[in-house]
Number of protein chains: 2
Amino acid sequence: MIVLLLLLKVYLVIMRDLSIKIKLTPGLYLKDPDSTELGKRIISNSIVLINELGFEKFTFKKLSKKINSPESSIYRYFENKHLLLIYLTSWYWSWIEYRVVLSVININNNLDKLDKAIDILTMPVNEDKSFSYINEVILDKIIIAESVKSFHTKEVDVENKKGCFESYKKLVTRLAQMILDVNPDYKYPHMLITTVIEGAHQQRYFSEHLPKLTDTIKTEDTIVAFYKELVQKMISSK
Amino acid sequence: MIVLLLLLKVYLVIMRDLSIKIKLTPGLYLKDPDSTELGKRIISNSIVLINELGFEKFTFKKLSKKINSPESSIYRYFENKHLLLIYLTSWYWSWIEYRVVLSVININNNLDKLDKAIDILTMPVNEDKSFSYINEVILDKIIIAESVKSFHTKEVDVENKKGCFESYKKLVTRLAQMILDVNPDYKYPHMLITTVIEGAHQQRYFSEHLPKLTDTIKTEDTIVAFYKELVQKMISSK
DNA sequence: GTATTATGATAGTATTACTATTATTATTGA
DNA sequence: TCAATAATAATAGTAATACTATCATAATAC
């Protein structure tokens, strides 16, 4: 009983610690949106609006109407909508990493750990985990539909130097290490992981919009199964 | 000797046939750019300019300056720059399919055929095959950097109905069939192929801009090797 | 209770993404 | 060969986008 309570405490501390840690590098914003009420309204409403309009048709003007604040106030938080998108994706990847860490903490077999982690990377987010002011279900949709745009720009090298993609790199690094923990000789852990992460998102997008490009079945989750098999076959020595 | 000449003739007929076949569905354009001098200048210069500026900063205005024709003339060929991008990617996938068909025609082992096809899907385009007025080396760069934007929009479903993505689907269907020719029991041929195609492009992009997300080595082509192994391991009936 | 900071209100600008109109060539076809 | 047709050029214009600037006001901190 005491052990259980202790475990629970460890959980909560980690959760609290990590939830507080979803503070992102200052290179992403002009003013930390997590530090004010307006900032939080910008984040939560931009998620809804980007999902509704798509990133191309989303503008700060429209967002300003939605939150009843002047456009110029939004510009005090983010240089432009592209950096806001990077902020959202960074938050997302940090949140995914937090969930990976949490879900793996009481597993002591490396293969099982990796398996659990792949689950989190490839499964869709179905319920809002009610992480403060961010709707994770909608954010997950945005990531599937829009996240590739965050790094497919001419500014990618400059932004990369500024640290804009650290959250994603951190997650990939962690998972690459988890692969190496299972098979220390495996040569391409980063390629494998990004193939899985981006591939799973891509397949989800295809199954909704371009079903001829995939083989998903409505009733069962073929995507998770496919990428789990992929990882297993690739890292099995021999 | 006669056999050789006959083979050559078959080659040329196929080449001519396919090269002529890189006429794309009329849903993509208002006026076929392949039918006029101006249309061809629009295509060839847009490839160069999109590569230079990136798709976001590319505009019909800037293109019109480059080709010394009014902006309104470009609008007579394409409704907007997004449909021009779809046109370019469609042309690209049709061209890739043409190369796949050609490279595989004199191989009679299904596994070797697939292997050769994966080569074409995953290798970068190094030399301009001088296909008329289109620079395939630069086009390949655009596809790697920008092609995901062609279908990651709110209009994807409408455009899909108009046939905008038929070239890509046709290629994927052909390769899925090639997988089934090797292993008729394999369940996810489309997923596997899109994972390979998009994955290879993604890894090339990462190796240039976000190297922490991949494991490529400058000296050798790890990307081709990685995805070949992936396909082989996935379809081998264990 | 003043200094600081955050937000609101308003205005303005260059560029983008188009549409429209008319003039001028080039091509076709009778 | 001349008229009709089609294609392009030249020019103008508009609403929206992507910002920047300024000043007033409200909230908070010391």
Side-chain angles (χ1 to χ4, degrees), chain A residues 23 26 28-46 49-50 52-88 133 146 149-150 152-155 158-159 164, chain B residues 26 28-46 49-50 52-88 133 146 149-150 152-155 158-159:
Chain A
K23 302 260 180 204
L28 295 177
Y29 47 76
L30 298 171
K31 178 196 286 208
D32 186 2
D34 198 47
S35 68
T36 64
E37 263 317 299
L38 180 61
K40 287 171 190 169
R41 281 202 300 141
I42 288 171
I43 296 301
S44 76
N45 284 279
S46 68
L49 204 54
I50 290 173
E52 264 173 47
L53 304 174
F55 186 64
E56 278 72 33
K57 290 194 181 119
F58 166 84
T59 68
F60 279 1
K61 189 105 219 239
K62 290 168 185 169
L63 178 60
S64 76
K65 254 177 208 156
K66 198 180 172 76
I67 63 174
N68 272 306
S69 275
E71 205 186 347
S72 51
S73 292
I74 302 170
Y75 277 103
R76 289 207 197 86
Y77 287 85
F78 294 101
E79 277 178 62
N80 50 55
K81 70 173 179 173
H82 179 239
L83 282 161
L84 169 57
L85 179 65
I86 292 181
Y87 181 92
L88 295 178
Y133 52 93
E146 317 282 2
K149 295 169 193 168
S150 68
H152 274 106
T153 66
K154 278 283 166 184
E155 294 81 38
V158 177
E159 288 173 343
C164 288
Chain B
L28 295 176
Y29 46 78
L30 297 171
K31 178 195 287 206
D32 186 1
D34 197 46
S35 68
T36 64
E37 264 316 300
L38 180 61
K40 287 171 190 168
R41 281 202 300 141
I42 288 172
I43 296 302
S44 77
N45 284 280
S46 69
L49 203 54
I50 290 173
E52 263 174 47
L53 304 174
F55 186 66
E56 277 71 34
K57 289 193 182 119
F58 166 83
T59 67
F60 280 181
K61 187 107 221 234
K62 289 169 186 167
L63 178 59
S64 78
K65 255 178 207 155
K66 198 180 172 75
I67 63 173
N68 271 306
S69 275
E71 203 185 350
S72 51
S73 293
I74 302 170
Y75 277 104
R76 285 210 294 282
Y77 286 85
F78 295 101
E79 278 180 61
N80 51 54
K81 71 173 180 174
H82 179 241
L83 282 160
L84 169 57
L85 180 65
I86 292 180
Y87 180 93
L88 295 178
Y133 50 93
E146 317 283 2
K149 294 168 194 168
S150 67
H152 274 106
T153 66
K154 277 283 166 186
E155 294 81 36
V158 176
E159 288 173 343

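Heavy atoms only: backbone and side chains are in, while hydrogens, waters and symmetry mates are out. Every chain is numbered from 1 and lettered A, B, ... according to where its sequence line falls, protein lines coming before strand lines. All values derive from a computational prediction rather than experimental measurement.
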Whole angstrom is fine here: how far is it from [atom1] in [X] over to [atom2] in [N]?
X: B/F78; N: C/dT19; atom1: CZ; atom2: P; value: 16 Å
X: A/L30; N: D/dA21; atom1: CG; atom2: C1'; value: 16 Å
X: B/I74; N: D/dA10; atom1: CD1; atom2: P; value: 13 Å
X: B/L38; N: C/dA26; atom1: CG; atom2: C1'; value: 13 Å
X: A/L63; N: D/dT17; atom1: CG; atom2: P; value: 13 Å
X: B/K65; N: D/dT11; atom1: NZ; atom2: P; value: 14 Å
X: A/Y29; N: C/dA6; atom1: OH; atom2: P; value: 13 Å
X: A/R76; N: D/dA27; atom1: CZ; atom2: C1'; value: 14 Å

Lys/Arg-Asp/Glu bridge criterion (N-O < 4.0 Å) met for A/E56, A/K149:
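The answer is yes: the pair qualifies as a salt bridge.
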Tell me whether B/K57 is salt-bridged to A/E155, with the criterion being a basic N under 4.0 Å from an acidic carboxylate O.
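So B/K57 pairs with A/E155 through a salt bridge.
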Please say whether more than 12 non-hydrogen atoms of neighbouring residues, nucleotides or ligands are located less than 6.0 Å from NZ in A/K61.
no
Going by distance alone, is a donor N or O of one side chain under 3.5 Å from an acceptor N or O of the other, for A/Y77 and A/T36?
yes
Tell me whether the rings of B/F58 and B/F55 are parallel (<30°), tilted (30 to 60°) or perpendicular (>60°).
parallel
Is the shortest side-chain N/O distance from [X] to OP1 or OP2 of [N] below 4.0 Å?
X: A/S73; N: C/dT7; result: no
X: A/S72; N: C/dT7; result: no
X: B/Y77; N: D/dA7; result: no
X: B/S69; N: D/dA9; result: yes

So which nucleotide from D/dA9, C/dT7, D/dA7 ends up closest to the side chain of B/K31?
D/dA7
Applying side chain to side chain contact (heavy atoms under 4.5 Å, CB included) between A/S46 and each of A/L85, A/I67, A/L88, report the one that passes.
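So the option named by the test is A/L88.
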Would you say that A/I50 contacts A/L63 through its side chain, given a criterion of any heavy-atom pair below 4.5 Å between the two side chains?
no
Identify the pairs formed between an N or O of the protein and an N or O of nucleotides 15-18 of chain C at a distance under 3.5 Å, and give each distance.
from, atom 1, to, atom 2, distance (Å)
C/dT16, OP1, B/K62, NZ, 3.3
C/dC18, O5', B/Y75, OH, 3.3
C/dC18, N4, B/E71, OE1, 3.1

